[in-house]
Amino acid sequence: MGKITKAIIPAAGLGTRMLPVAHAVPKEMLPVVDRPALSYLVDEAADSGITDILIITNRGKDAIEDYFDYSPAYDAYLRGHSKTAEADCLRAIADRANIFFLRQKETKGLGHAVRRAKSFTGSDPFMVLYGDDVIISEKPVCAQLMEVYEKYRLPCAGVQEVSLDLVYKYCTLDARHVESNIYRVFTMIEKPRPEEIMTRFSILGRVLLVPKIYDILDSIPYGDGGELQLTDAMKKLAESDPEGGMTALDFEGRRYDLGSKLGFLQANVEQAVRHPEIGEAFKQFLIEFTAKL
Ligand code: UTP
């Protein structure tokens, strides 16, 4: 089996939970300290051996393409003002992987966005990184999922147990423990009602999929709000084998939802404390600030 080298990052959503800022700034470009969410995702993919990344964008999201591009005039300005390290940093961002862009054209859900990548991924298995989910981990989460795929040869969802209020917003999985932090998945339900909750395992921003997903996406109906749900398609994958047609990995890592105001702030506070340049000063500020709360 060849290595997995392709990834899709859907980043075309409207970001209504992050209004008003998302009206002018793509939520996937919101910073965690000094780098946009998408930069963390590209690094995670590249650090996992992914060489080709397709970012699904939308009208009004040109800032994404600009970020991963060379800027000759700015480069010359920085180098001319003794800011070589800064110029090298910007170049390295653009060179981290082969990055391609495709517009979703119609904002019809995560499943619809992923379906746009069919000719990019071809007959290969591929990673999907949800564009507003930043995960900080020892080992990149993409690499963690790829290891599970190498062993089980099944599509794999990155999951963690979440609080009940988040299960209602995300999804619930019917999963059986197999070994260490790996499960077989029998079915899943997007945005479950209370009586439908099977476990508190929800999919958090990373899935490894196989081309069969495209046939399923073509065959299932659009769901709530006229959106084609990726979870509905993965449910079919999971149900395609009585032993569980997908695996789930309870991954190691701290996940932040940059598509929510609270997640955005949590990411910034927690990562600012660890930042090599401002960490110590920020920690001191926090101590003094929280003492007054
Ligand atoms: P979300 O459901 O969090 O994005 O999708 P959203 O629809 O923008 O959210 P709200 O509720 O309006 O705030 C997870 C990822 O999938 C992308 C989003 O950009 C996000 O990175 N997405 C979602 C698409 O690319 N296309 C879509 O049609 C929907």
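In this chain, numbering begins with 1 at the start of the sequence shown. Whatever order the structure lists them in is the order used to number ligands and atoms, beginning at 1.
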For ligand 1, is there an N or O atom under 3.5 Å from any N or O atom of Lys27? yes

Taking atom 5 (O) of ligand 1 as the reference point, report whether a protein heavy atom occurs under 4.0 Å from it. no

Under 3.5 Å, is there a donor-acceptor pair linking the side chains of Thr51 and Asn98? no

Would you say the side chains of Tyr149 and Thr247 form a donor-acceptor pair under 3.5 Å? no

Does any donor atom in the side chain of Asp95 or Tyr70 lie under 3.5 Å from an acceptor atom in the other side chain? yes

Specify the protein heavy atom at minimum distance from atom 14 (C) of ligand 1: its residue, its atom name, and the distance to 0.1 Å. Asp132 OD1, 3.7 Å

Do Gln229 and Tyr222 have a side chain donor and acceptor closer than 3.5 Å? no

Tell me if the NZ atom of Lys261 is crowded by more than 12 foreign heavy atoms within 6.0 Å. yes

Arg206 charged N/C atom sitting above Tyr130 aromatic ring, 6.0 Å / 45°: no

Side chain or backbone, does Glu28 bring an N or O within less than 3.5 Å of an N or O on ligand 1? yes

Of all the atoms in ligand 1, which lie at a distance below 4.0 Å from a heavy atom belonging to Thr107? 27 (C), 28 (O)

Give a yes-or-no answer on whether the side chains of His112 and Glu227 include a donor-acceptor pair shorter than 3.5 Å. no

Any chance the side chains of Glu190 and Tyr170 put a donor and an acceptor closer than 3.5 Å? no

Can you report which non-hydrogen protein atom sits closest to atom 17 (C) of ligand 1, along with the distance? Pro10 O, 3.6 Å

Give, for atom CG of Leu237 and atom NZ of Lys212, the distance between the pair rounded to the nearest 0.5 Å. 5.5 Å

Counting both backbone and side chain atoms, is some N or O of Glu227 under 3.5 Å from an N or O of ligand 1? no

Out of all atoms in ligand 1, which are within 4.0 Å of some heavy atom of Lys108? Include the element for each. 28 (O)

Please answer: with hydrophobic residues joined when any side-chain heavy atoms are less than 4.5 Å apart, are Met198 and Ile203 in the same cluster? no

Quick check: does Gly13 get an N/O under 3.5 Å from an N/O on ligand 1? yes

Which ligand 1 atoms are under 4.0 Å away from a heavy-atom of Gly109? 26 (N), 27 (C), 28 (O), 29 (C)

When you measure from atom 26 (N) of ligand 1 to each heavy atom in Lys169, Arg116, Gln104, which option holds the nearest one? Gln104

For atom 12 (O) of ligand 1, grab the closest protein heavy atom and report residue, atom and distance to one decimal in Å. Thr16 OG1, 2.6 Å

How far is atom 25 (O) of ligand 1 from the closest protein heavy atom, and which atom is that? Ala12 N, 2.8 Å

Less than 4.0 Å from atom 2 (O) of ligand 1, is there any heavy atom belonging to the protein? no

Test item, His112 contacting ligand 1 (heavy atom, 4.0 angstrom): no

Could you list the atoms of ligand 1 found under 4.0 angstrom from a heavy atom of Gly131? 21 (O)

Is there a heavy atom in Ile56 that sits closer than 4.0 Å to ligand 1? no

Please determine if Ala113 has a nitrogen or oxygen closer than 3.5 Å to a nitrogen or oxygen of ligand 1. no

Whether Phe126 and Tyr214 hold their rings parallel, tilted or perpendicular, with breakpoints at 30° and 60°: parallel

I'd like to check the salt bridge (charged side-chain N to carboxylate O under 4.0 Å, His left out) partners of Glu280; sequence neighbours left out, ordered by chain and number. Lys283

the protein heavy atom lying closest to atom 8 (O) of ligand 1 turns out to be Gly15 N, 2.7 Å

Regarding Lys235 and Glu239, does a basic nitrogen lie under 4.0 Å from an acidic carboxylate oxygen? yes

Quick check: does Met18 get an N/O under 3.5 Å from an N/O on ligand 1? no

What is the closest protein heavy atom to atom 16 (O) of ligand 1, and at what distance does it sit? Leu110 CD1, 3.3 Å

Would one find an N or O of Arg17, backbone or side chain, under 3.5 Å from an N or O of ligand 1? yes

